[in-house]
Amino acid sequence: MKILDMLYEGKAKRIYATEDPNLLVMNYKDEATAFDGAKKGIIASKGIVNNRVSCLLFNLLEKHGVATHLVKQLDERNVLVRRMEMIPLEVVVRNVVAGSLAKRLGREEGQVLPVPVVELYYKSDELHDPMVNESHAQAFGWATKEQLTVMQQKALQVNQVLQPFFDSIGIILVDFKLEFGLADGEILLGDEISPDSCRLWDKETMDKLDKDRFRRDLGQEAEAYQEVVRRIEAALG
Ligand code: UDP
């Protein structure tokens, strides 16, 4: 697949056109940002880990009937995906209290939730991705009621696959963020699922194996990302 013009450069990935108008290439970078880009750094080989982790997890999800944009991994940093019209919402699923939920509702990090919590955020760096509800999404035309229902169902389905999978490799899936898009009228899971977009805690030690190591200056970011990909490869690779 010939890689053509770069269409977009984000904080962690670049998107390229290909000869096929329905296909794009996503290229994963090692750049890490947090707090809407206020904190910047590099996590060695992060792009390679995130591409591999995301491809393996999207493959697993496809096997469980979750449609995704994944076509195939091309090489260490590049993946071929279906072109979609992105829905400008982030769907967050939480199994354990952490991060912004702990802060906003004054709850202890680590409290296990009796049912998963699903949240919507409007994707806008300048507004700092504000939390929104379904009526905002409908009123501003970001998604229809039907699309919101499908996205939230799919998000819970992803959780039902990934939570037991991570558990089987000794990792607690605390929370994660998903993005969806439309291709030929169908809602597909897009973007990535990686230690950048999930909170992953080691079941034994409760060590953080995700981007919180970078956000909170905990050190050993690259080692934590490598540990995640090592365990996932051993189970699925
Ligand atoms: N998340 C993400 N991108 C964002 C915001 C959140 O991937 O722009 C992920 C984050 O890594 C975590 C989950 O979504 O796994 C919930 O994040 P939270 O709302 O707690 O925000 P944070 O504390 O990360 O700012």
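None of these values were measured; they are calculated from a predicted model. Only heavy atoms go into these numbers, but all of them, side chains included; no hydrogens, no water, no symmetry mates.
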Heavy-atom distance under 4.5 Å between the side chains of [X] and [Y], does that happen here?
X: Leu236; Y: Phe165; value: yes
X: Leu182; Y: Glu186; value: no
X: Val53; Y: Ile193; value: no
X: Val91; Y: Lys177; value: no

Any Lys/Arg nitrogen of Arg216 or Asp212 sitting under 4.0 Å from an Asp/Glu carboxylate oxygen of the other?
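Yes, this pair counts.
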Could you check whether Lys13 pairs with Asp191 (Lys NZ or Arg NE/NH1/NH2 to Asp/Glu carboxylate O, under 4.0 Å)?
yes
Is there a salt bridge (Lys or Arg N to Asp or Glu O under 4.0 Å) between Glu227 and Arg230? Walk through the geometry before answering.
CA-CA 5 Å; Glu227 179 60 16; Arg230 190 190 64 75; 2.8 Å; yes
Which other residues belong to the hydrophobic cluster containing [X], where Ile, Leu, Val, Met, Phe, Trp and Tyr are joined when side-chain heavy atoms lie under 4.5 Å apart, directly or via other members?
X: Met86; answer: Met84, Leu188
X: Leu113; answer: Val97, Leu101, Leu105, Val117
X: Val92; answer: Tyr121, Met131

Report the residue from Leu120, Leu178, Asp129 that forms a side-chain contact (heavy atoms from CB on, under 4.5 Å) with Glu90.
Asp129
Write down the atom of Gly10, the atom of Lys29, and the distance for their closest heavy-atom approach.
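What the structure gives for the nearest pair is O-NZ, 2.8 Å.
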Test the Lys39-Phe214 pair against the cation-pi criterion, namely NZ or CZ under 6.0 angstrom from the six-membered ring centroid and within 45° of the ring axis.
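Yes.
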Are His128 and Phe35 close enough that their ring centers fall under 6.0 Å?
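Centroid distance His128-Phe35: not below 6.0 Å, so no.
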Is the ring pair Tyr122/Trp142 parallel, tilted or perpendicular, if the boundaries are 30 and 60 degrees?
parallel
